[in-house]
Amino acid sequence: TVSRTWRTMALPATRCNTLGKLLFIRVPLPAAITTTSSADPNPDMKRPLAFGGPVTTTPAILSLRRIISLATLLMAVLWLSACSAVKLSYNALPEVTYWWADAYGDFNGEQSLRLKQDLADLQAWHRSRELPRYRELLQNLERLTSTEPDAAQLCSLLPPARERLQALAEQSAPMIARQALSLSPAQLEHMARKFAKNEAKLRSEWVDLSPGELLDKRIEQYTDRAEALYGRLSPPQRQSLRETLQASPFDPRIRLAEQQRRHQDMLDTLRRLRSTAASQAQAEQAWLGWLARALNPPVPAHRQQQEHSIE
């Protein structure tokens, strides 16, 4: 059986990297509302940059990749709890999530009604139980960023952030399991076609690029993200970014292979639940087991690239 406490199934906490994985893994389960899939398929940055100052390789300065990962998550929470415009978006999350999930599951009327209610209930739990805890994380981050934090200081925020993500995964497990157990063979075939479409898109947009095209695309994406957070990069910073990405071992073919593995793992899991007439408890364990494998891929090359992407 799979333990409900899946955080220890990822890499050891001393690597300070589980949060990065969660931020950059798409979770294509029909009701998987725990995704934060806002990233491209190739997050990767190792050489540190000091924005607002000269380029540096001092270990005390966090890598751009890690700063963006942490800031993206925590600032999103800040906006959700403080900005009136984004409160509107937060309130709409159950509906938006439903339509996203329906694109994979092609739900019938009964499934749709149940999922919409489950999502509303999950959001009510999240608003009352989790947002206050996220606010505390933001306050800690604010105290750190009032100075010049080093990697160890910012990494100290990751265990509590990981706990919040674990809580969300476990709270959502019953609703995901219910939805999974209700899927028909036709719906699973619809999901397989959706997965194939996603894979074809990744292949055309990343794998089929020449080395030069791939480098240019990655530089453009990282530059846009960095400048959105820190303002315009100086020429030395842009050159440092280029050199870092040129030296990166990122391989979009591995990223595609891991996406295909996760998709097949998802379909195999859902079909096994159906063929064995699994119970609710078994379906919840199956979801958490799939999530653990997504966070810590069983294929060494896939796991190594995923680790590299957030170091």
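These figures come from a predicted structure and were not determined experimentally.
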> For E227 and R238, what are the C-alpha separation, side-chain angles and deciding distance, and is it a salt bridge (Lys or Arg N to Asp or Glu O under 4.0 Å)?
Replying inline: CA-CA 11 Å; E227 292 187 339; R238 288 173 177 267; 2.7 Å; yes

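- Contact of the T223 side chain with the R218 side chain is not registered, since no non-hydrogen atoms from C-beta on lie closer than 4.5 Å.
- Among residues at least two apart or in separate chains, salt bridge (Lys or Arg N to Asp or Glu O under 4.0 Å) pairs with a member in residues 171-191 are D118-R178, E189-R271.
- Here the straight-line distance linking atom CE of M191 with atom CG of D106 works out to 10.0 Å at 0.5 Å rounding.
- Side chains of Q111 and L183 form a contact here, defined as non-hydrogen atoms less than 4.5 Å apart.
- Under a hydrophobic clustering in which Ile, Leu, Val, Met, Phe, Trp and Tyr are joined whenever their side-chain heavy atoms come within less than 4.5 Å, directly or via other members, W125 and I176 fall into the same cluster.
- Of all heavy-atom pairs spanning P297 and Q306, the tightest one is CD-NE2, 3.3 Å.
- Residues that satisfy the salt bridge (Lys or Arg N to Asp or Glu O under 4.0 Å) test with R129, not counting sequence neighbours, are absent from this structure.
- Put simply, the side chain of R293 gets close to the backbone of G289: a donor and an acceptor are under 3.5 Å apart.
- Between the CG atom in L273 and the CG atom in L188 there is a gap of 9.5 Å [rounded to 0.5 Å].
- There is a side-chain donor-acceptor pair under 3.5 Å between R127 and N91.
- Nearest approach of L209 to S204, heavy atoms of both residues: CD2-O, 4.5 Å.
- Counting only heavy atoms from C-beta outward, the side chains of Y104 and N198 approach each other to under 4.5 Å.
- Here the straight-line distance linking atom CH2 of W290 with atom CG of L270 works out to 9.5 Å at 0.5 Å rounding.
- Annotation for L181 and A278: closest pair CD2-O, 3.7 Å, computed over non-hydrogen atoms.
- Looking at residues two or more places apart in sequence or on another chain, you find no salt bridge (Lys or Arg N to Asp or Glu O under 4.0 Å) involving E213.
- Between Y134 and H126, the ring centre distance stays below 6.0 Å.
- Rounding to the nearest 0.5 Å gives a distance of 12.5 Å between CD of Q259 and CD of Q264.
- One N or O on the side chain of S112 and one on the backbone of N108 form a donor-acceptor pair closer than 3.5 Å.
- With a 4.5 Å cut-off on side-chain heavy atoms, F195 and M266 count as touching.
- By the salt bridge (Lys or Arg N to Asp or Glu O under 4.0 Å) test, D121 is found to be paired with no residue, residues two or more places apart in sequence or in another chain being considered.
- Qualifying side chain to side chain contact (heavy atoms under 4.5 Å, CB included) partners for R242, counting only residues two or more places apart in sequence or in other chains: L215, D216, I219, Q239, Q246.
- The shortest side-chain heavy-atom distance between R225 and Q221 falls under the 4.5 Å cut-off.
- With contacts defined as side-chain heavy-atom distances shorter than 4.5 Å, the pair S182/F107 does not qualify.
- Qualifying side chain to side chain contact (heavy atoms under 4.5 Å, CB included) partners for P252, counting only residues two or more places apart in sequence or in other chains: W206, V207, L214, F250.
- Rounded to the nearest 0.5 angstrom, K217 NZ and S210 OG are separated by 11.5 Å.
- Distance check, rounded to the nearest 0.5 Å: CG of L267 to CZ of R272 gives 11.5 Å.
- Residues satisfying the side chain to side chain donor-acceptor pair (under 3.5 Å) test with K201, not counting sequence neighbours, are E205.
- No side-chain donor-acceptor contact under 3.5 Å links Q305 to the backbone of I254.
- The salt bridge (Lys or Arg N to Asp or Glu O under 4.0 Å) check on R261 picks up E258, D265, with sequence neighbours excluded.
- R262 and A294 make their closest contact through CD-CB, 3.6 Å (heavy atoms, listed as atom of the first residue, atom of the second, distance).
- Residues satisfying the side chain to side chain donor-acceptor pair (under 3.5 Å) test with E136, not counting sequence neighbours, are none.
- Remark: side-chain polar atoms of S172 are paired, donor with acceptor, to backbone N or O of A169 under 3.5 angstrom.
- Side-chain contact between R255 and Q260 is absent, with no heavy atoms from C-beta onward closer than 4.5 Å.
- P300 meets the side chain to side chain contact (heavy atoms under 4.5 Å, CB included) test with R303, Q304; sequence neighbours excluded.
- R133 meets the side chain to side chain donor-acceptor pair (under 3.5 Å) test with E130; sequence neighbours excluded.
- Counting only heavy atoms from C-beta outward, the side chains of E284 and P174 approach each other to under 4.5 Å.
- Closest approach of P94 to A120, counting heavy atoms only: CB-N, 4.3 Å.
- Residues satisfying the side chain to side chain donor-acceptor pair (under 3.5 Å) criterion with D208, sequence neighbours excluded, are absent altogether.
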>> As a quick check of understanding, evaluate side-chain contact (heavy atoms from CB on, under 4.5 Å) for L119 and M175, giving each step before the final call.
In response: CA-CA 8 Å; L119 288 168; M175 58 171 276; 3.5 Å; yes

